[in-house]
Amino acid sequence: MSSISVVVPIFNEEGNVANLHKEIVDVCQANNYTFEIIFVDDGSVDQTVQVCKTLKPLKLIRMRRNFGQTAAMDAGIKAAQYDYIVTMDGDGQNDPADIPHMIEYLEQNNLDVVSGWRKNRKDTFMKRFTSRGANLLRSIIVHDGIHDSGCSLKVYRRECFEGINLYGEQHRFIPAILKIKGFLIGEVVVNHRPRTSGYTKYNWKRTIKGFVDMISVWFWNKYSTRPLHLLGGIGMLFEILGFACGIWSIALYLSGAKMSNNIFPPLLTIFFVIIGLIMIIFGLMSEILIKTYYGSHVDSPYSIKSVEEVSELTLSKDLK
């Protein structure tokens, strides 16, 4: 019998949380799971918290302000206590009925992560267009091997998150981060439902932040332990260019050309040599910082206001 922790970041979802909670409970009971449900309120300003306080069983984590979906997900994951961690959105578009199949697929294929693939999305054209473009870029840059990294419905083994802190918009790239560490990733097609209440929280700002974090994941994948390989390599390239420009300058001088009329080659020589040295120095400094990072505690980028837990399983009459 599986034991699961269902982690759901929520922000202004007063019209969705009660029904989503009931669906999760029904699925867990029907499959005889040992389970906990963790809702992480990311600074909601509507009645989301008040509605959550009527739901049982539930662990409600309240952030002090809106820190973003990644921070909320990280807080929920760190609070999870069971063998499998299931993450999903709080808007009701992910279907809890997919959870048993995802767990079964993970166990049958001996995987560490199973990611949902919203093959038939029920979103607006612009959101689907942006998402497909982002997925194409992600497949080129980070190579995580899945079609829909933006789908929040995922199942993880608990050990996947040992020593991992999420920040920025990195919840989209968790499979890529875990793949870097050697975990096995799989994917299954899941149901995607239209939003019935509230409004989407995605906008162009989150798209830009996601792209920047994608570059961060790429760098971490390639050069997390040896940044000098990248920065030092670029520095050496500039040094070679500086050397070539120096030869060019000497050749002009020996040919009798007036250097006052050919100042460009010497200037290029100085420029490339200096930039090359700076890049090499940055690479060495990054090596020191990386060693410090791996050897010290990383401060959490968010703050939790409170954790409230109700262990009784008593559904309100409205939800039966």
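Only a predicted model underlies this, so the values are computations on that prediction, with no experimental measurement involved.
Applying the side chain to side chain contact (heavy atoms under 4.5 Å, CB included) test to Y105 and every residue at least two apart in sequence or in another chain returns N109, L111, V114, V188. Residues passing the side chain to side chain contact (heavy atoms under 4.5 Å, CB included) test with F271 are I275, sequence neighbours excluded.
Separation of atoms CE (M73) and CE (M88) is listed at 10.5 Å; rounding is to 0.5 Å. Taking CE from M285 and CG from L231, the interatomic distance works out to 11.0 Å, rounded to the nearest 0.5 Å. Note that the CD1 atom of I37 and the SG atom of C52 stand 10.5 Å from one another [nearest 0.5 Å]. To the nearest 0.5 Å, atom CE of residue M279 and atom CD1 of residue I234 are 4.5 Å apart. Taken to the nearest 0.5 Å, the CD1 atom of I146 stands 5.5 Å off from the NZ atom of K154.
Annotation for G242 and T269: closest pair O-CG2, 3.4 Å, computed over non-hydrogen atoms. Contact between L20 and D89 at its shortest, heavy atoms only, is CD2-O, 3.6 Å. Considering all non-hydrogen atoms of both residues, L178 and C160 come closest at CD2-O, 3.2 Å. The nearest pair of heavy atoms linking V8 to G90 is CG1-CA, 3.5 Å. Closest approach of L153 and V86 over heavy atoms only: CD1-CG1, 4.2 Å. Here the shortest heavy-atom pairing between Y84 and S2 reads CE1-OG, 3.8 Å.
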Quiz item: D83 and R157: side-chain contact (heavy atoms from CB on, under 4.5 Å), yes or no, with the steps?
Solution: CA-CA 6 Å; D83 294 336; R157 294 188 189 273; over 6 Å; no

Exercise. List the steps and the verdict of side-chain contact (heavy atoms from CB on, under 4.5 Å) for V273 and E239.
Key: CA-CA 5 Å; V273 168; E239 291 297 325; 3.9 Å; yes

Practice problem: Begin from the C-alpha positions of V40 and I38 and carry the test side-chain contact (heavy atoms from CB on, under 4.5 Å) through to its verdict. | Solution: CA-CA 6 Å; V40 186; I38 303 172; 4.1 Å; yes

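Although no hydrogens or angles enter the test, the distance criterion places a donor-acceptor pair under 3.5 Å between the side chain of R193 and the main chain of G92. Counting only distance, with no hydrogens or angles, the side chain of D74 and the backbone of T70 share no donor-acceptor pair below 3.5 Å. Formation of a donor-acceptor pair under 3.5 Å by the D98 side chain with backbone atoms of N191 is found in this model. Of the possible donor and acceptor atoms, one in the side chain of D95 sits under 3.5 Å from a partner among the backbone N and O of A97.
A centroid separation of less than 6.0 Å is found between the aromatic rings of F161 and Y156.
Cluster membership for L166 and I180, using ILVMFWY side-chain heavy atoms within less than 4.5 angstrom, is shared. Clustering ILVMFWY residues whenever any of their side-chain heavy atoms sit less than 4.5 angstrom apart, transitively, puts F238 in the very cluster that holds I278. In this structure, Y82 is not a member of the same hydrophobic cluster as V155, with clusters built from ILVMFWY side-chain heavy atoms closer than 4.5 Å.
Checked by atom type, the side-chain pair E36/S5 shows a donor-acceptor distance below 3.5 Å. For the 3.5 Å distance criterion, the side chains of D91 and N16 fail to qualify, holding no donor opposite an acceptor.
Applying the 6.0 Å contact sphere to CZ of F183 captures more than 12 heavy atoms from other residues, nucleotides or ligands.
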